[in-house]
Amino acid sequence: MSFYWAALAAAISSSLVGQVLLKAGADAAAQMSFFLQLLRWQTILGIGFYGAGALLYILALRRIPMSVALPCTAASYVVIAAIGWYFFQEPLGAQKLAAIFLIATGVVLLATA
């Protein structure tokens, strides 16, 4: 079963990297057309990482119940909020921190159930 949990962790990580790359491509492309933004290397790699994440998620679903696997993907919300704050100067106030804490608690409770 640990192989499938590793696949789920890799799926979450891959999707997270994809999200960061898509954001980087979007930020740098503010003055570009949408079509040109799609051709940026960050966007292309981001889509690739998302695709890889989807394939790994399908693999994880072979043994992990969907009612557990999908909520575990919320772990990426915790990490992505910190990355958004650090790299993209996105605000991270008390309300967001409280919400992130609740999400993290829920993920731990589900993953250990």
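Every heavy atom of this structure was used, including side-chain atoms; hydrogens, water molecules and symmetry mates were not.
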J.: Where do Tyr4 and Leu59 come nearest, in terms of heavy atoms and distance?
T.: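 Shortest heavy-atom contact: CD2-O, 3.3 Å.
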J.: Tell me whether Leu39 is reachable from Trp41 by hopping between hydrophobic residues (I, L, V, M, F, W, Y) whose side-chain heavy atoms are closer than 4.5 Å.
T.: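 No, separate clusters.
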J.: Under the salt bridge (charged side-chain N to carboxylate O under 4.0 Å, His left out) definition, can you give me all pairs with a residue in residues 2-16, not counting sequence neighbours?
T.: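 Pairs touching residues 2-16 that pass the test: none.
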J.: Got a second to check how far Ile83's CD1 is from Ile80's CD1, nearest 0.5 Å?
T.: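 Rounded to the nearest 0.5 Å, the CD1-CD1 separation comes to 4.5 Å.
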J.: Ignoring hydrogens, what is the shortest heavy-atom contact between Ala24 and Gln42? Give both atom names and the distance.
T.: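 What the structure gives for the nearest pair is CB-CG, 4.2 Å.
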J.: Show me the donor-acceptor pairs, under 3.5 Å and distance only, between side chains in residues 86-100 and residues at least two apart or in other chains.
T.:
| unit_1 | atom_1 | unit_2 | atom_2 | d |
| --- | --- | --- | --- | --- |
| Gln89 | NE2 | Tyr86 | O | 3.4 |
| Lys96 | NZ | Pro91 | O | 3.0 |

J.: Can you sort out the partners of Leu55 under side chain to side chain contact (heavy atoms under 4.5 Å, CB included), two or more places apart, ordered by chain and number?
T.: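 Side chain to side chain contact (heavy atoms under 4.5 Å, CB included) list for Leu55, sorted by chain: empty.
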J.: I'd like to check the side chain to side chain contact (heavy atoms under 4.5 Å, CB included) partners of Leu38; sequence neighbours left out, ordered by chain and number.
T.: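 Side chain to side chain contact (heavy atoms under 4.5 Å, CB included) list for Leu38, sorted by chain: Phe34, Thr43.
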J.: For the residue pair Val78 and Ala104, what are the closest heavy atoms and their distance?
T.: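 The answer is CG2-CB, 3.9 Å.
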J.: Show which side-chain atoms of residues 10-22 pair as donor or acceptor with protein atoms under 3.5 Å away, not counting sequence neighbours.
T.:
| unit_1 | atom_1 | unit_2 | atom_2 | d |
| --- | --- | --- | --- | --- |
| Ser13 | OG | Ala9 | O | 3.0 |
| Ser14 | OG | Phe49 | O | 2.6 |
| Ser14 | OG | Gly53 | N | 3.4 |
| Ser15 | OG | Ala11 | O | 3.1 |
| Gln19 | NE2 | Tyr50 | OH | 2.5 |

J.: Report yes or no: do Val79 and Leu8 belong to one cluster of Ile/Leu/Val/Met/Phe/Trp/Tyr joined by side chain heavy-atom distances under 4.5 Å?
T.: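 Hydrophobic grouping puts Val79 apart from Leu8.
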J.: Please enumerate all residues that pass side chain to side chain contact (heavy atoms under 4.5 Å, CB included) together with Thr105, with sequence neighbours excluded.
T.: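 Thr105 satisfies side chain to side chain contact (heavy atoms under 4.5 Å, CB included) with Phe101, Leu109 once adjacent residues are dropped.
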J.: Leu56, Ile58: one ILVMFWY side-chain cluster at the under-4.5 Å cut-off?
T.: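 No, Leu56 and Ile58 fall in different hydrophobic clusters.
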